[in-house]
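Structure first, commentary second.
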Amino acid sequence: MRVTRAQIERYFKLEAKRKELQRQASDLGKQVEEIENELIEYVEQNGGEARSVTTCGHVLAIVQKAGTVQWKPEFIRVAGQRAADQIIAAAPPRDAFSITPISPVAA
């Protein structure tokens, strides 16, 4: 396979577009979170012990889910920082792709 300048330029163009879409998604996520917080507050105020409200053709509810463990802090608490440092140091390196433009050398 032969790499072309057009492929590399397309890569950068698509990567810029991907980053812009991530920023847009992040902004939308913040808007959704604001509305969700308002809805949660409504359920907390009006949902009673059941922690649910039926309104506008929807059931709004606060439900319990299994919790998630923050493994690194928990491991450090149980085994200690030294053990964590040893495991981190023993982790094998991994490959990552990189493209770096070459700047012209000043004469």
Side-chain angles (χ1 to χ4, degrees):
M1 178 182 164
R2 181 172 152 80
V3 174
T4 65
R5 180 178 300 276
Q7 278 179 303
I8 294 172
E9 289 171 359
R10 184 160 190 262
Y11 172 87
F12 282 118
K13 182 178 178 181
L14 291 172
E15 181 65 5
K17 184 176 181 178
R18 183 186 68 78
K19 287 179 180 178
E20 175 56 29
L21 291 172
Q22 280 184 323
R23 282 189 287 275
Q24 290 176 16
S26 176
D27 291 343
L28 289 173
K30 289 175 187 172
Q31 292 176 40
V32 167
E33 186 176 353
E34 288 175 14
I35 295 170
E36 183 177 301
N37 288 336
E38 292 172 4
L39 297 174
I40 288 170
E41 185 177 331
Y42 179 81
V43 172
E44 288 174 341
Q45 291 175 357
N46 301 289
E49 284 186 37
R51 299 187 337 155
S52 69
V53 176
T54 302
T55 184
C56 305
H58 295 81
V59 176
L60 310 179
I62 300 172
V63 297
Q64 294 230 325
K65 293 171 53 174
T68 55
V69 176
Q70 299 297 316
W71 286 104
K72 186 175 180 181
E74 186 62 17
F75 181 86
I76 291 170
R77 185 185 70 76
V78 172
Q81 185 65 50
R82 185 173 180 192
D85 291 343
Q86 289 173 341
I87 290 172
I88 291 168
R94 62 181 184 86
D95 292 336
F97 182 67
S98 170
I99 297 180
T100 305
I102 301 174
S103 302
V105 178

> Roughly how far, to the nearest 0.5 Å, is the CD atom of Q31 from the CD atom of E36?
Replying inline: 14.0 Å
> Which value, rounded to the nearest 0.5 Å, describes the distance between L39 atom CG and E44 atom CD?
Replying inline: 11.0 Å
> So, do S98 and T100 sit near enough that their side-chain heavy atoms are less than 4.5 Å apart?
Replying inline: yes
> Measuring from Q7:CD to I99:CD1, what's the distance to the nearest 0.5 Å?
Replying inline: 9.5 Å
> How about Q24: does its CD atom have over 12 heavy atoms from other parts shown lying under 6.0 Å from it?
Replying inline: yes
> What's the spacing between R51 CZ and N46 CG if we round to 0.5 Å?
Replying inline: 14.0 Å
> Would you say Q45's side chain and Y42's backbone share a donor-acceptor pair under 3.5 angstrom?
Replying inline: no
> In terms of heavy-atom contacts, does CZ of R82 have more than 12 from other residues, nucleotides or ligands at under 6.0 Å?
Replying inline: no
N/O donor to acceptor pairs below 3.5 angstrom from side-chain atoms of residues 55-77, sequence neighbours left out:
{"from": "H58", "atom 1": "ND1", "to": "C56", "atom 2": "O", "distance (Å)": "2.8"}
{"from": "E74", "atom 1": "OE1", "to": "R77", "atom 2": "NE", "distance (Å)": "3.2"}
{"from": "E74", "atom 1": "OE2", "to": "R77", "atom 2": "NE", "distance (Å)": "3.3"}
{"from": "E74", "atom 1": "OE2", "to": "R77", "atom 2": "NH2", "distance (Å)": "2.5"}

> If you round to the nearest 0.5 Å, how far is CD of E33 from CD1 of I35?
Replying inline: 11.0 Å
>> Does atom CZ (R5) have a neighbourhood of more than 12 heavy atoms from anything else shown, all under 6.0 Å?
In response: no
> Thinking salt bridges, do E20 and K17 make one under a 4.0 Å N-O criterion?
Replying inline: no
> If you group Ile, Leu, Val, Met, Phe, Trp and Tyr by side-chain heavy-atom gaps below 4.5 Å, do V3 and F97 land in one group?
Replying inline: yes
